[in-house]
*Asks:* 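Let me give you the structure first, and then I'll get to my questions.
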Amino acid sequence: MAGLQGAVESTAPVSRLHEQRSYDLADFPVPTGREEEWRFTPLRRLRGLHTDQTLAEGKVSVETDPSPEVTVEITQRNDPRVGRSFVPADRVSARALASVREATIINVPAEAITSRPTVISVRGDEAAGAAFGHLVVDVAPLAEAVLVLDHQGSATYADNVEIIVGDGASLSLVSVQDWADDAVHVSHHHATVGRDARLRHTAVTIGGGLVRLAPTVRYAGPGGDAELRGLYFADAGQHLEHRLFVDHTQPRCRSRVEYKGALQGDQAHAVWIGDVLIRAEATGTDTYELNRNLLLTDGARADSVPNLEILTGEVVGAGHASATGRLEDQHLFYLMARGISMEEARKLVIRGFFGELINKIEVPELRERITASIEAELSSASPGDS
């Protein structure tokens, strides 16, 4: 189904939805589910991350395998570098910042070009208690780096990731949410893109009972370029939610958003919110966002809400698109007419659906792993359900 089928219009301008920010947890009332930013999230499944209740302490470990050019520091919450590049915009982000004890800081020196990806592994040991995390990625001017965040295991986890891309620098960041089925993960990625800097941010969400990931991009100088990519595969009972906000505050900046998802099984639910704001001072902006969803079985649901607010008439381009539907019969029949079985034809079409995004991932080992995960998901479903 082409066009905007399945899209739901927001009840308020993008600028108003994102205007509340505070370090003080008390400034964010406990959400009820009626708020615009929470209406798709099943709050009862957050295990209290959004409430005032005291939570038992969970067990999550963070290990870092840095490129030789990169330095890694473990610091305390009161380090002035923690929380300096963003202000929390919702209650869980504020609670994570207030509750975290230690933060990991990744520094890429000016003009350094890393020789291999830096990998940060986040592992959960149990989902019974809550854990909080904080990561700062600071890429100095004219540096180039690739970073992988890899989440696995069982956990109830809320974290903030600060991403600072200095003037003329380039960062490719891939965040993989490959949690166990009982995991709950609420994460906020706050990116600041400097003058003539480049950010490639990829979210891959294939595991977890409930995952809510919110990447935000703001520009610190003209000429910044940000690409936000994502792919997700939701099974029965999974809730996978991605909420993006691109805030164009500087002239002559570019943004591209492309997320694709597939869903199968009863009560598989995916939510994609794409908010783009072009402020009056952001003349010469070039932006486009796209979300596509494949419903592979009955009982699956995808909510897709692209929002674009333009406060200046001087833009290079601005647009969005959203599409949700089933596999096209003609694609399957074309392959089956050439002797390919129904099951294999279905897999080939879905491989093609995700293939372009997977091929853009900068780490070959991750491309292979993600492809294998999608193959495993497809093998678990009956071809007759498509």
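Positions are given from 1 along the sequence. What you see below is based on every heavy atom in this structure, not just the backbone, and it leaves out hydrogens, waters and symmetry mates.
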*Asks:* For residues Glu314 and Thr312, is any side-chain donor paired with an opposing acceptor at under 3.5 Å?
*Replies:*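 Glu314 vs Thr312: no donor-acceptor pair found between side chains.
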*Asks:* Has Asp225 got a side-chain atom pairing as donor or acceptor with Arg198's backbone, closer than 3.5 angstrom?
*Replies:*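 Answer holds: no.
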*Asks:* Is the side chain of Glu162 donor-acceptor paired with the backbone N or O of Ser85 at a distance under 3.5 Å, no angle test?
*Replies:*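 A pair under 3.5 Å: yes.
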*Asks:* Only one of Leu240, Val257, Thr324 forms a side-chain contact (heavy atoms from CB on, under 4.5 Å) with Trp272, so which one is it?
*Replies:*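 Per the side-chain contact (heavy atoms from CB on, under 4.5 Å) rule, the option paired with Trp272 is Val257, out of Leu240, Val257, Thr324.
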*Asks:* Would you please say whether a donor-acceptor pair under 3.5 Å links the side chains of Asp90 and His188?
*Replies:*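 Result is yes, a qualifying pair exists.
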*Asks:* Dump the intermediate steps for side chain to side chain contact (heavy atoms under 4.5 Å, CB included) on Asn160 and His190, then the final yes or no.
*Replies:* CA-CA 7 Å; Asn160 290 289; His190 315 270; 3.0 Å; yes
*Asks:* Does Ala89 offer a backbone N or O that forms a donor-acceptor pair with the side chain of Ser93 under 3.5 Å?
*Replies:*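 Answer holds: no.
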*Asks:* Can any side-chain N or O of Gln20 pair as donor or acceptor with the backbone N or O of Asp27 at less than 3.5 Å?
*Replies:*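 Confirmed, Gln20 side chain pairs with Asp27 backbone.
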*Asks:* Does Ser67 offer a backbone N or O that forms a donor-acceptor pair with the side chain of Thr118 under 3.5 Å?
*Replies:*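 Looks like yes, one N/O pair under 3.5 Å.
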*Asks:* Out of the candidates Val148, Val363, Ile361, only one should pair with Thr202 under the side-chain contact (heavy atoms from CB on, under 4.5 Å) rule; please name it.
*Replies:*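 Answer to the side-chain contact (heavy atoms from CB on, under 4.5 Å) test with Thr202 among Val148, Val363, Ile361: Ile361.
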*Asks:* Between Arg81 and Asp138, is there a salt bridge with N-O shorter than 4.0 Å?
*Replies:*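 The answer is no: the pair does not qualify as a salt bridge.
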*Asks:* So that I can tick it off, tell me whether Glu126 and Arg47 are bridged by a salt bridge, with the cut-off set at under 4.0 angstrom between side-chain N and carboxylate O.
*Replies:*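 No salt bridge links Arg47 with Glu126.
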*Asks:* Indicate the atoms forming the closest heavy-atom contact of Pro66 with Arg116, along with that distance.
*Replies:*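 Taking Pro66 first and Arg116 second, the nearest heavy atoms are O-NH2, 2.8 Å.
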*Asks:* Do the side chains of Leu49 and Leu55 get nearer than 4.5 Å, heavy atoms only?
*Replies:*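 When only atoms from C-beta onward are counted, Leu49 and Leu55 do touch, with a gap below 4.5 Å.
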*Asks:* If you define the side chain from C-beta out and look only at heavy atoms, does anything of Arg212 sit under 4.5 Å from Val92?
*Replies:*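 Heavy-atom side-chain distance check fails, nothing below 4.5 Å.
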*Asks:* In sequence, state the C-alpha distance, the side-chain angles, and the governing distance for Ser175 and Gln177, and then conclude on side chain to side chain donor-acceptor pair (under 3.5 Å).
*Replies:* CA-CA 7 Å; Ser175 181; Gln177 289 66 240; 2.5 Å; yes
*Asks:* Please, which pairs that meet ring pair (Phe, Tyr, Trp, His ring centres under 6.0 Å) have at least one residue in residues 206-230, sequence neighbours excluded?
*Replies:*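 Residue pairs passing ring pair (Phe, Tyr, Trp, His ring centres under 6.0 Å), neighbours aside: Tyr219-His248.
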*Asks:* Would you check if Val136 and His134 make a side-chain contact, meaning some heavy-atom pair closer than 4.5 Å?
*Replies:*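 Yes, their side chains come closer than 4.5 Å.
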*Asks:* When you compare the side chains of Ser187 and Asp159, does any donor N or O come within less than 3.5 Å of an acceptor on the partner?
*Replies:*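 Checked: Ser187/Asp159 side chains pair up, N/O donor to acceptor below 3.5 Å.
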*Asks:* Before you tell me yes or no, could you show the steps for Ser255 and Val217 under side chain to side chain contact (heavy atoms under 4.5 Å, CB included), namely the whole-Å CA-CA distance, both residues' side-chain angles and the distance that decides it to 0.1 Å?
*Replies:* CA-CA 9 Å; Ser255 66; Val217 173; over 6 Å; no
*Asks:* Taking Glu69 for its side chain and Ser115 for its backbone only, find out whether a donor-acceptor pair lies under 3.5 Å.
*Replies:*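 Yes: the side chain of Glu69 pairs with the backbone of Ser115.
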*Asks:* With heavy-atom distances below 4.5 Å as the criterion, would you say the side chains of Arg95 and Phe28 are in contact?
*Replies:*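 They are not in contact (no side-chain heavy atoms under 4.5 Å apart), so the answer is no.
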*Asks:* Between Glu258 and Arg256, is the closest basic N to carboxylate O distance under 4.0 Å?
*Replies:*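 Between Glu258 and Arg256 there is no salt bridge, as every charged N stays at least 4.0 Å from the carboxylate O atoms.
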*Asks:* Once rounded to the nearest 0.5 Å, what's the spacing between atom CD1 of Ile350 and atom CG of Leu296?
*Replies:*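 The CD1 atom of Ile350 sits 4.5 Å away from the CG atom of Leu296.
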*Asks:* Please confirm whether the backbone N or O of Gly33 pairs with a side-chain atom of Glu35, one donor and one acceptor, at under 3.5 Å?
*Replies:*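 Yes.
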*Asks:* Look only at the side chain of Arg21 and the backbone of Phe86, and say whether a donor-acceptor pair between them is shorter than 3.5 Å.
*Replies:*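 No, Arg21 side chain to Phe86 backbone: no donor-acceptor pair under 3.5 Å.
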*Asks:* Quick one: closest heavy-atom pair of Pro42 and Leu210, and the distance?
*Replies:*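 Looking at all heavy atoms of both residues, the closest pair is CG-CD1, 3.5 Å.
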*Asks:* What do the steps show when you test Leu213 against His189 for side chain to side chain contact (heavy atoms under 4.5 Å, CB included), and what is the final call?
*Replies:* CA-CA 8 Å; Leu213 176 61; His189 291 196; 3.6 Å; yes
*Asks:* Please tell me if the side chains of Arg84 and Ile164 come closer than 4.5 Å, counting only heavy atoms from C-beta onward.
*Replies:*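 Answer yes - side chains close enough.
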*Asks:* Would you say the side chains of His18 and Asp247 form a donor-acceptor pair under 3.5 Å?
*Replies:*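 Not at all, the side chains of His18 and Asp247 share no donor-acceptor pair under 3.5 Å.
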*Asks:* I'd like to know whether Leu308 forms a side chain to side chain contact (heavy atoms under 4.5 Å, CB included) with Tyr288, so could you lay out the CA-CA distance, the side-chain angles of the two residues, the decisive distance to 0.1 Å, and finally the verdict.
*Replies:* CA-CA 9 Å; Leu308 175 61; Tyr288 192 82; over 6 Å; no
*Asks:* Does some side-chain heavy atom of Pro222 sit less than 4.5 Å from a side-chain heavy atom of Gln250?
*Replies:*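 Yes, at least one pair of side-chain atoms sits under 4.5 Å.
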*Asks:* Report whether Leu366 and Ile206 are members of the same hydrophobic cluster (ILVMFWY, side-chain heavy atoms less than 4.5 Å apart, transitive linking).
*Replies:*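 They do share one cluster, since a chain of ILVMFWY contacts under 4.5 Å joins Leu366 to Ile206.
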*Asks:* Strictly distance-based, threshold 3.5 Å: is any side-chain N or O of Arg123 a donor or acceptor partner for the main-chain N or O of Asp150?
*Replies:*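 Yes; judged by distance alone, with no hydrogens or angles, the pair exists.
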*Asks:* Any sub-3.5 Å donor-acceptor pair from Arg200's side-chain atoms to Lys360's backbone N or O?
*Replies:*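 Judged by distance alone, no pair lies under 3.5 Å.
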*Asks:* So do the side chains of Leu311 and Glu309 get within less than 4.5 Å of each other, counting heavy atoms only?
*Replies:*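 Yes, their side chains come closer than 4.5 Å.
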*Asks:* Closest approach of Gly124 and Trp179, non-hydrogen atoms and distance?
*Replies:*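 What the structure gives for the nearest pair is N-CZ3, 4.1 Å.
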*Asks:* Is the CD atom of Glu73 crowded by more than 12 outside heavy atoms at less than 6.0 Å?
*Replies:*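 Yes, CD of Glu73 has more than 12 neighbouring heavy atoms, counting only those of other groups under 6.0 Å.
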*Asks:* Judged by modelled atom types alone, do His269 and Asp303 share a side-chain donor-acceptor pair under 3.5 Å?
*Replies:*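 Yes, side-chain donor-acceptor contact under 3.5 Å.
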*Asks:* Would you mind reporting whether Val276 and His320 have side-chain heavy atoms less than 4.5 Å apart?
*Replies:*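 No - every pair of side-chain heavy atoms lies 4.5 Å or more apart.
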